[in-house]
Amino acid sequence: MDEIKQGYREAENKTKETWRQADGDESIADKVGNVGDDVRDGLGELGDDVRRGVEGVDDDVQDALNQRR
């Protein structure tokens, strides 16, 4: 699922970047928009990584509790 979300984010950013360049003049606002999209993308991927890590820890804790019973 994370790969699908990552692919969607990349396609969305590429579309926005292409749209910003459509007028033939890439302004500073366009560049700032592209950087903002890249940052948002990176944070989304970081969030996915953190969620996967937390789920893994939760599974480990549950396994340890089950072994103690």
Side-chain angles (χ1 to χ4, degrees):
M1 183 64 160
D2 291 337
E3 292 84 20
I4 294 170
K5 291 191 306 187
Q6 182 180 6
Y8 174 79
R9 285 194 286 266
E10 288 174 2
E12 182 182 34
N13 281 356
K14 191 67 174 165
T15 301
K16 287 180 183 179
E17 190 174 316
T18 301
W19 184 255
R20 289 180 183 125
Q21 294 173 348
D23 62 1
D25 180 36
E26 189 174 21
S27 67
I28 292 177
D30 293 340
K31 292 178 183 179
V32 169
N34 291 339
V35 169
D37 290 342
D38 291 342
V39 168
R40 184 179 53 88
D41 240 11
L43 291 174
E45 291 175 23
L46 176 64
D48 291 343
D49 292 343
V50 168
R51 184 182 46 76
R52 267 190 309 250
V54 168
E55 288 174 353
V57 169
D58 185 43
D59 292 343
D60 292 344
V61 169
Q62 289 299 325
D63 290 344
L65 290 175
N66 289 336
Q67 289 176 359
R68 294 187 82 178
R69 291 182 184 162

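Please read all numbers here as calculations on a predicted model, not as lab measurements.
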(message) Distance check, rounded to the nearest 0.5 Å: Asp25 atom CG versus Arg20 atom CZ?
(response) 14.0 Å
(message) If you compare all heavy atoms of Asp41 against all heavy atoms of Arg9, which two are closest, and at what distance to 0.1 Å?
(response) OD1-CB, 2.7 Å
(request) Could you point out which residue of Leu43, Asp37, Asp38 forms a side chain to side chain contact (heavy atoms under 4.5 Å, CB included) with Arg40? (result) Asp37
(request) Could you list the residues that satisfy side-chain contact (heavy atoms from CB on, under 4.5 Å) with Gln21, not counting sequence neighbours? (result) Glu17, Glu26
(message) Around atom NZ of Lys14, are there more than 12 heavy atoms from other residues, nucleotides or ligands closer than 6.0 Å?
(response) no
